[in-house]
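Structure record follows, encoded as structure tokens.
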Protein chains: 2
Amino acid sequence: MATGRTHRPATRSRGIPEATVARLPLYLRALTALSERSVPTVSSEELAAAAGVNSAKLRKDFSYLGSYGTRGVGYDVEYLVYQISRELGLTQDWPVVIVGIGNLGAALANYGGFASRGFRVAALIDADPAMAGKPVAGMPVQHTDELEKIIEENGVSIGVIATPAGAAQQVSERLIAAGVTSILNFAPTVLSVPDGVDVRKVDLSIELQILAFHEQRKAGEEAAAAAGSAGEPGTGAAESPAAPAASATATATATAAAAASGVRKGGPEGDVPAVMPA
Amino acid sequence: MATGRTHRPATRSRGIPEATVARLPLYLRALTALSERSVPTVSSEELAAAAGVNSAKLRKDFSYLGSYGTRGVGYDVEYLVYQISRELGLTQDWPVVIVGIGNLGAALANYGGFASRGFRVAALIDADPAMAGKPVAGMPVQHTDELEKIIEENGVSIGVIATPAGAAQQVSERLIAAGVTSILNFAPTVLSVPDGVDVRKVDLSIELQILAFHEQRKAGEEAAAAAGSAGEPGTGAAESPAAPAASATATATATAAAAASGVRKGGPEGDVPAVMPA
DNA sequence: ATGTCTTTGTGAACGCGTGCACAAAGATTG
DNA sequence: CAATCTTTGTGCACGCGTTCACAAAGACAT
């Protein structure tokens, strides 16, 4: 999970669970693809597969929105696209500002996924005076001094922070003071904001760290399996990698290397059922 | 949640809950900051505040790792940094490849948060022959043809996909066939991968959509409050923007609006069935 | 109309995650 | 050594989210 909510209690606004809200964009994306292919209806099973979720979960999610399906048939694609869009608030225009136009900020400014939904980049803002006026994604970068004016004039309520960690808190305070009530934070810092302001965060390195954890675990399990169930990770401590620290690390590394070479996967094609650990 | 896991059952590897694993990087970040300020120990209360979580949750999380604290004192910063790093597998070197060197790929290549943890960008790969050889983040971009060779020679087990959506599935298959077992996917697509391969996804527009939902809700609540408790949003949904009362009328109106507004792209008109729930 | 077949919508059970609250453990002081 | 104080580690309860499994609803055929 690259992200998480901050502050704000449970958000069960009018009954739609947070977990469901987080999946709606997923469904919307799958539905949009179907719509472009002029598919008129989908069953929960098909749509669930396209969105990468369980069909029962999808049906329950939709049940929170209302009864938009037809039993024995499925869901009308166009209709559902509209309903979800409306529920998510994408039928209206959301001006956003991006603060911090470094590599990431520039990438975000160029990202097509924003405009295709209801989002419009109202301004790019950077603290570096040298950046001011420079065009990024066909739009001149403006200086931080203009921040308040831009937000108020454009009625911006969503801000994206792509500054270095050190500047993020201060930027968030200025955004909030100027009227922003939702922040998407890419800076690796915990933002402290008043109640009523939503913050979602995306931390690229956190995602990688989580992958590393699972990767290490996979390597460890493989090593254990290869070693022929030596000590069996005992019930007590969770220290599979702990006990013999040195050897554990060594085996893990060795296994990783082995896996990387040719040991695993002999199949040419993708769907080979993998190694199959215990 | 910018991200979510795909495939792989519950991951309760040797007892560490997934939710805890997802927070370990957060703690690590806070601890690293303390370490840089040469703070010797922290209490769960202080650290929790720095990481933006509840202190009880933090203590419970740490309890899965073992008893690393001292009652009456707190946790030794350096020791905890090491323990968490080890648990996450950051004490070893993780070579990663980034596929798709567009704006986002370039931003990722330049992102400092990778190297500062145990991650090393082994190669930048792009399908565009014109990109080949061009330096990005002080490293020459290599052509997709080299993908397999690069992965095998460097023992890469983690791949980052920053390609357009259309190319992602195919890239993932090549990565996996070459030995990659963990993928961080920035492309807005659901990847289908065999068991044993971990996929985490980050979708920037999804995050914004979730914020928009809450933003809309906030606006709706404000409006409702201002309007002096009109007629309680009916069963249908939290339809803040102009909504008739009866759900039947609402759906009919909604459908008409869908056709009228530009939500849907192409597609003939007559296909909108007057669903009509009872 | 009646029956069959498909697919939705949901009640109910279950499991995970969270937070409370407190006993246990150690530091510290007298 | 005893008393007190601080902070950890965790048992317990609760609520959310997920999944199963099935009745209800509608399409479709006869």
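Every chain is numbered from 1 and lettered A, B, ... according to where its sequence line falls, protein lines coming before strand lines.
In terms of phosphate contacts, B/K60 brings no side-chain nitrogen or oxygen within less than 4.0 Å of OP1 or OP2 of D/dT10. The phosphate of D/dT7 (OP1 or OP2) has no side-chain N or O of B/S44 nearer than 4.0 angstrom.
For A/A19, taking side-chain heavy atoms from C-beta onward, the closest of the listed nucleotides C/dG9, D/dG17, D/dG9 is D/dG17. Of the candidate nucleotides C/dG19, D/dT8, D/dT19, C/dG19 has the atom nearest to the side chain of B/K57.
In the model, B/S205 has a side-chain atom that pairs as donor or acceptor with a side-chain atom of B/D203 under 3.5 Å.
Here C/dG9 presents its C1' atom at 13 Å from CG of A/L65, a figure rounded to the nearest Å. For A/D61 and C/dT8, the CG to C1' distance is 14 Å, given to the nearest whole Å. Summarising the geometry, the separation between CZ on A/F62 and P on C/dT8 is reported as 10 Å, rounded to the nearest angstrom. Distance A/Y64 OH to C/dG11 C1': 12 Å, rounded to the nearest Å. Put simply, CD on A/E18 is 11 Å from P on D/dT18, counting in whole angstrom units. C/dA24 atom C1' lies 13 Å from atom CZ of B/R59, rounded to whole Å. Nucleotide D/dT18 holds its C1' atom 13 Å from the CG atom of A/L58, rounded to whole Å. Computed from coordinates, the A/R23 CZ to D/dC16 C1' distance equals 11 Å when rounded to whole Å.
Contact record, B/W94 with B/G89: NE1-O, 2.6 Å, taken as the closest heavy-atom pair.
The main-chain N or O of B/R86 is found under 3.5 Å from a side-chain atom of A/Q216 such that the two form a donor-acceptor pair. Although no hydrogens or angles enter the test, the distance criterion places no donor-acceptor pair under 3.5 Å between the side chain of B/K201 and the main chain of B/V190. In this structure a side-chain-to-backbone donor-acceptor pair under 3.5 Å is missing from A/T20 to A/I16.
Checked against the 6.0 Å centroid threshold, B/F62 and B/Y68 do not count as a close aromatic pair.
Within residues 70-81 of chain B, the residues having any heavy atom closer than 4.0 Å to DNA chain C are, in order of number, B/R71, B/V73.
Taken from CG in A/L191 to CD in A/Q169, the straight-line distance is 5.5 Å, to the nearest 0.5 Å.
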